[in-house]
Amino acid sequence: MKARALCIASLGAVLLSQASPSLAQNTNGKNLFTQRCAMCHGADIKGTGPLAKKSNPPTPDLTTAAFKKRLNDYPGVIVSSVILRPNGDLIPRTLRENGVKLAPHSWTVQDFRDLNKYMVDAISKSR
């Protein structure tokens with residue numbers, strides 16, 4: 001457990017140490033969010049996707065001040081930790097129970113970086 005936490009923290013540090021993404025990388029972040037996250041979080045990141053109310057607990061609004069603070073306090077760590085250990089079985093179970101088959105994805109550090117950048121940008125524009 002300690003090793004996993006250290007790995008996630010290290011990944012966050014790597015995300016921070018890189019230069020800002022190019023337009024292509026921002027497109028990657030948007031594509032990743034649209035394909036893998038929006039079904040629950042919605043295109044607006046406010047927990048309005050078609051599966052948002054079908055998870056228990058319901059999908060949260062990621063544009064809240066509390067989440068924005070967490071994203072700023074732990075850049076890269078929040079996004080990667082949810083993907084690497086998605087609240088136990090919540091995400092896979094919600095997809096499975098609703099008949100959603102999501103192809104496996106081999107996440108790269110660049111993917112985490114791009115997704116984090118996309119989310120930060122989308123959240124800052126939402127308020």
Side-chain angles (χ1 to χ4, degrees):
M1 188 63 127
K2 252 185 172 174
R4 173 173 254 158
L6 181 58
C7 178
I8 291 170
S10 297
L11 182 58
V14 169
L15 292 171
L16 282 176
S17 69
Q18 301 299 317
S20 62
S22 68
L23 178 58
Q25 291 165 332
N26 281 335
T27 300
N28 182 44
K30 182 177 183 176
N31 289 340
L32 286 167
F33 184 86
T34 300
Q35 295 166 5
R36 307 196 75 78
C37 309
M39 65 191 77
C40 293
H41 291 286
D44 60 2
I45 309 183
K46 293 184 177 190
T48 59
L51 298 182
K53 303 269 188 261
K54 295 183 179 187
S55 67
N56 187 16
T59 305
D61 178 349
L62 300 182
T63 65
T64 64
F67 182 78
K68 190 173 182 179
K69 180 176 181 350
R70 285 178 61 205
L71 201 60
N72 288 333
D73 289 349
Y74 307 101
V77 176
I78 302 302
V79 173
S80 60
S81 66
V82 168
I83 292 166
L84 294 175
R85 187 171 183 274
N87 301 329
D89 190 41
L90 177 63
I91 295 170
R93 181 175 37 85
T94 300
L95 297 177
R96 190 173 51 251
E97 289 174 355
N98 290 282
V100 177
K101 294 186 184 204
L102 195 57
H105 181 75
S106 297
W107 290 89
T108 65
V109 171
Q110 188 64 52
D111 287 340
F112 289 127
R113 188 178 302 126
D114 294 345
L115 184 57
N116 186 73
K117 175 72 172 132
Y118 171 75
M119 289 178 64
V120 167
D121 290 348
I123 290 167
S124 69
K125 291 175 186 172
S126 72
R127 295 280 170 170

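Here Asn31 pairs with Thr27, Gln35 under the side chain to side chain contact (heavy atoms under 4.5 Å, CB included) rule; sequence neighbours left out. Every residue two or more places apart in sequence or in another chain that forms a side chain to side chain contact (heavy atoms under 4.5 Å, CB included) with Arg93 is listed here: Asp89, Leu90, Arg96, Glu97. By the side chain to side chain contact (heavy atoms under 4.5 Å, CB included) test, Pro50 pairs with no residue at all, sequence neighbours left out. Residues passing the side chain to side chain contact (heavy atoms under 4.5 Å, CB included) test with Thr108 are Gln110, Asp111, sequence neighbours excluded. Taking the salt bridge (charged side-chain N to carboxylate O under 4.0 Å, His left out) definition, one finds that Lys69 meets it with Asp73, sequence neighbours left out. Applying the salt bridge (charged side-chain N to carboxylate O under 4.0 Å, His left out) test to Asp44 and every residue at least two apart in sequence or in another chain returns nothing.
The shortest heavy-atom contact between Asp61 and Lys46 is OD1-CA, 3.4 Å. In terms of heavy atoms, Ile45 sits closest to Ala122 at CD1-CB, 3.2 Å. Between Thr63 and Ile123 the shortest heavy-atom distance is CA-CG2, 4.2 Å. Pairing each heavy atom of Ala38 with each of Ala43, the nearest pair is CB-N, 4.2 Å. Scanning all heavy atoms of the two residues, the minimum distance from Cys37 to Leu115 falls at SG-CD2, 4.3 Å. The nearest pair of heavy atoms linking Ser55 to Pro57 is OG-O, 2.7 Å.
Rounded to the nearest 0.5 angstrom, Arg113 CZ and Asn28 CG are separated by 11.0 Å. Rounding to the nearest 0.5 angstrom, the gap separating the CE atom in Met119 from the CG atom in Leu32 is 11.5 Å. Taking CG of Leu62 as the reference point, atom CZ of Arg70 lies at 9.0 Å (rounded to 0.5 Å).
In this pair, Phe33 and His41 present their aromatic rings tilted. The plane angle is within the 30 to 60° band.
Between Lys125 and Asp121 no salt bridge is recorded (no basic side-chain N to carboxylate O distance below 4.0 Å).
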### Message
side chain to side chain contact (heavy atoms under 4.5 Å, CB included), that's the test. Do Met39 and Leu102 meet it? Break it down for me.
### Response
CA-CA 11 Å; Met39 65 191 77; Leu102 195 57; 4.0 Å; yes
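Judged by distance alone, the side chain of Asn116 and the main-chain N or O of Phe112 form no donor-acceptor pair under 3.5 Å.
No more than 12 heavy atoms of other residues, nucleotides or ligands shown are found within 6.0 angstrom of OH on Tyr74.
In this structure the side chain of Leu51 never reaches within 4.5 angstrom of the side chain of Thr59, judged on heavy atoms.
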